[in-house]
There are 2 protein chains.
Amino acid sequence: MNCELLAVGTELLLGEIVNLDAQILAQGLNELGINVYWETVVGDNPQRLREAVETAKGRADLLITTGGLGPTADDLTKETVAAVFGLPLEMDQQQLERLRQRMGPKMTPNNEKQAMLPRGCTVLVNDWGTAPGCAFAQDGCHVIMLPGPPRECRPMFQYRALPYLQALGGGVIGSRYVKIFGIGESSMETLVKPLMDTLQDVTMAPYAKEGECELRITARADTKEQALARCGPVVDQVREILGSAVYGVDVNSLEEVVVRGLSQRGMTVACAESCTGGWIAKRLTDVPGASQVLGCSFITYCDEAKQKLLGVSADTLKKYTAVSAQTALEMAQGVRRISGADVGISTTGYAGPDGGTEEHPVGTVFIGLSWKGGETVICPDQRYFRSREQTRRGASSHALDLVRREVLGM
Amino acid sequence: MNCELLAVGTELLLGEIVNLDAQILAQGLNELGINVYWETVVGDNPQRLREAVETAKGRADLLITTGGLGPTADDLTKETVAAVFGLPLEMDQQQLERLRQRMGPKMTPNNEKQAMLPRGCTVLVNDWGTAPGCAFAQDGCHVIMLPGPPRECRPMFQYRALPYLQALGGGVIGSRYVKIFGIGESSMETLVKPLMDTLQDVTMAPYAKEGECELRITARADTKEQALARCGPVVDQVREILGSAVYGVDVNSLEEVVVRGLSQRGMTVACAESCTGGWIAKRLTDVPGASQVLGCSFITYCDEAKQKLLGVSADTLKKYTAVSAQTALEMAQGVRRISGADVGISTTGYAGPDGGTEEHPVGTVFIGLSWKGGETVICPDQRYFRSREQTRRGASSHALDLVRREVLGM
């Protein structure tokens, strides 16, 4: 089966966004054994969209469109695709009702058009946004339409389109995800390459994202359980090779591992954040059930707050400045004492773009930890922090990772 | 002049990399006033590549290819494009000499093929890699070929292709961005549609992203300044139509507007966050210079922290519970008093997925504000909060927006 991906949206042609959907879909389709031969992008223009759909219909067994399912006048994908395949659009009462419930009084007449779907199609219910997707087969061509925003397109593909495609034929795939923090993508690849080269029925794909790495290990079998079982021994081998850099398998995030780990041990944590400005607490409370481990947390951005709220001594601030190992340690001790939490964690550093000193340039962050098992301060290599955002995200990741390694012993 | 971008490379169709070249080129071309109408990706397959080039030749005034200029057997772009346009490839002695100097003893016979170029073309010298690019006009179509790796493609476009295109003629575009919070994309479009329909030389495009909306207003002129000036009156009209829902024009974010606004007024802010768990403070400190307006901030996730750190009364918590307008108000008052900040802002709610009551289901958030100008509590419509993430992000946006409207009077 060969496939064409057709993305619809003028914002792509203007270069405002990159065609991430194409990458998401291409990866998933290739894993399923479906060859992607063409990727096309057209704008919100009826004529060129129509031509693109006609071309795809003529050469591909499977056409997947992304984008153009929204409520506005320039969202034309369904109308155009349905016309090319000779299918009328009909109001789907169930989807209309769903839209009404979601939108409430803000529902406008142009919103209703999102519930218009090609006659006889399989509705792909959208739990991640308003516009439903759909799938149908006509004139020897399979068609799937998905919403454009990647945060909708990704789950819609995974949980709606993939099962539809799997049902069309030929076994299922199962993937396991090894999550890694603390080594770079190329180091990771160098380490796992010898293993990768020996694999036969199992594939391994490396990814890097926001300062972390991931290895996706995939196998194919008659059932998902069998496919996942085939991945198991490879996961074990990867764990052996990468050691404690592996922070979890089939977990969502470092913060989830920390929240679950502390929760299982009946432990609590409190943060004293300077340069990260709340990002560590935000990440911990991203995890449902965070209230089990976090009761309170402090953002002490100015020196006065570090003294007044956390009890960092004036002498320390004067002698070593706020960006120092000594201050980080006293912040961690202070927040642990004042909150009564089992674990105190702190950050203080220069996030940039301005500030920093010759000794401690922008990107320098000290991360402190205090708990019954001991106290420590780390200072991650600032050469990897090339922007305010990278410094702040990186510092929050290192802080979480410090809790994982030192407190949870994982 | 309309343009087609053709990327050549199986790694794109496998989803191993995202088509970043398309974004780089599309941005630059649009600024130059050249309309990108199609983006196509094909693999290293001679037949499908040839068809794609023929299609582009038939419909575009300008074809820009990226990728497939390398030394290996599957680098076919020059050969295929030259054949479609009926041009023979000839050895360029200058480029051959350049290659020899660059590669030294590593030069292999297949490297020589990189110096084979279409007869009569303009050579685009590559100072960032080995494969030269080229440009020519034939059969009424302009063709430019650039290398694929973004670190080569970007400078080759900027320093080689752009000057070539500018010499061909034609004006530049300028865009202004109106940022909107508090109304949905379809409501916004309904409101601005009458204006949109009257526009002639100026275009207006709506976007929705993470609970916010944006209108991009674009015009074309001889210079960028003239183009931006043409957008001005339309920006003013949009402001008039959408009123205070417009939080800024040509600004990065709501948090930037709040930080700049408070800073200009010499005011400070402190947060008392429950359900948002640090996200408001994180967003404020995302903005460089946030230390001017934020000295400290509190995350009071449990009831005890609300009492102990902020002074919320036990009676209030007992009588109204932690998720109530009364608690939100006392949190805002408390954090303002304790921090000494000019503005106190608070959040308390049910972020889900569990929790909530019949009266206050998951998604309910109370947002409190206390400052010298008064006190207020709002409770945004929770039907728009469909996940823990949306609830928390939405609550942090509404909190920032409350400061903008009430305190900054914007």
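Side-chain atoms are counted along with the backbone in the values below, which use heavy atoms only and exclude waters and symmetry mates. So that the names make sense, note that chain A is the first sequence line, chain B the second, and so on, each numbered from 1.
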Taking atom CZ of Arg154(B) as the centre, report whether more than 12 heavy atoms of other residues, nucleotides or ligands fall under 6.0 Å from it.
no
Atom CD1 in Ile338(A), atom NZ in Lys308(B): separation rounded to 0.5 Å?
9.0 Å
Would you say Arg216(B)'s side chain and Glu11(A)'s backbone share a donor-acceptor pair under 3.5 angstrom?
no
Taking all non-hydrogen atoms of both residues, which atom of Gly15(A) and which atom of Gln27(B) are closest, and how far apart?
O-NE2, 2.7 Å
Output for pair (Glu389(B) CD, Arg151(A) CZ), nearest 0.5 Å, gives 8.5 Å
Nearest-0.5 Å distance, NZ of residue Lys282(B) to CD of residue Glu273(A):
11.5 Å
Out of curiosity, Thr108(A) OG1 to Glu189(B) CD, how far, rounded to the nearest 0.5 Å?
9.0 Å
Do you know which two heavy atoms are closest between Arg392(B) and Asp286(A), and how far apart they sit?
NH2-OD1, 2.6 Å
Under a 4.5 Å heavy-atom cut-off, does chain A meet the side chain of Glu304(B), its backbone, both or neither?
neither
When rounded to the nearest 0.5 angstrom, what distance separates CG in Leu20(A) from CD in Gln23(B)?
10.5 Å
Heavy-atom contact with chain B under 4.5 Å, split by part of Leu309(A)
side chain
Kindly compute the distance separating CG (Asn19(A)) from CG (Asn19(B)), expressed to the nearest 0.5 Å.
7.5 Å
Which atoms of Thr276(A) are under 4.5 Å from chain B, going by heavy atoms: the side chain, the backbone, both sets, or neither?
backbone
Looking at Pro105(A), Pro149(A), Ala351(A), which makes the most heavy-atom pairs under 4.5 Å with chain B?
Pro105(A)
Portion of Gln101(A) that has a non-hydrogen atom of chain B nearer than 4.5 angstrom
backbone
Full working for side chain to side chain contact (heavy atoms under 4.5 Å, CB included) between Val41(B) and Trp38(A):
CA-CA 6 Å; Val41(B) 181; Trp38(A) 307 271; over 6 Å; no
Most heavy-atom pairs under 4.5 angstrom with chain A, which of Gly352(B), Ala270(B), Gly277(B), Gly278(B)?
Gly277(B)
Which atoms of Leu29(A) approach chain B - backbone, side chain, both or neither, heavy atom under 4.5 Å:
neither
Arg59(B)/Glu51(A) salt bridge by N-O under 4.0 Å criterion:
no
One option among Ala305(A), Pro109(A), Gly70(A), Ala281(A) has the most heavy-atom pairs under 4.5 Å with chain B, and it is Ala281(A)
Output a table of donor-acceptor pairs, distance under 3.5 Å, between side-chain atoms of residues 287-302 of chain A and any protein atom two or more places apart or on a different chain; print 'none' if there are none.
from, atom 1, to, atom 2, distance (Å)
Ser297(A), OG, Cys271(A), N, 3.1
Ser297(A), OG, Cys271(A), O, 3.3
Tyr301(A), OH, Arg388(A), NH2, 3.2

Part of Lys306(B) within contact of chain A (heavy atom distance under 4.5 Å):
neither
With a 4.5 angstrom heavy-atom cut-off, is it the side chain or the backbone of Leu284(B) that approaches chain A, or both, or neither?
neither
Closest non-hydrogen contact found for Leu13(A) with Ala26(B) is O-CB, 3.2 Å
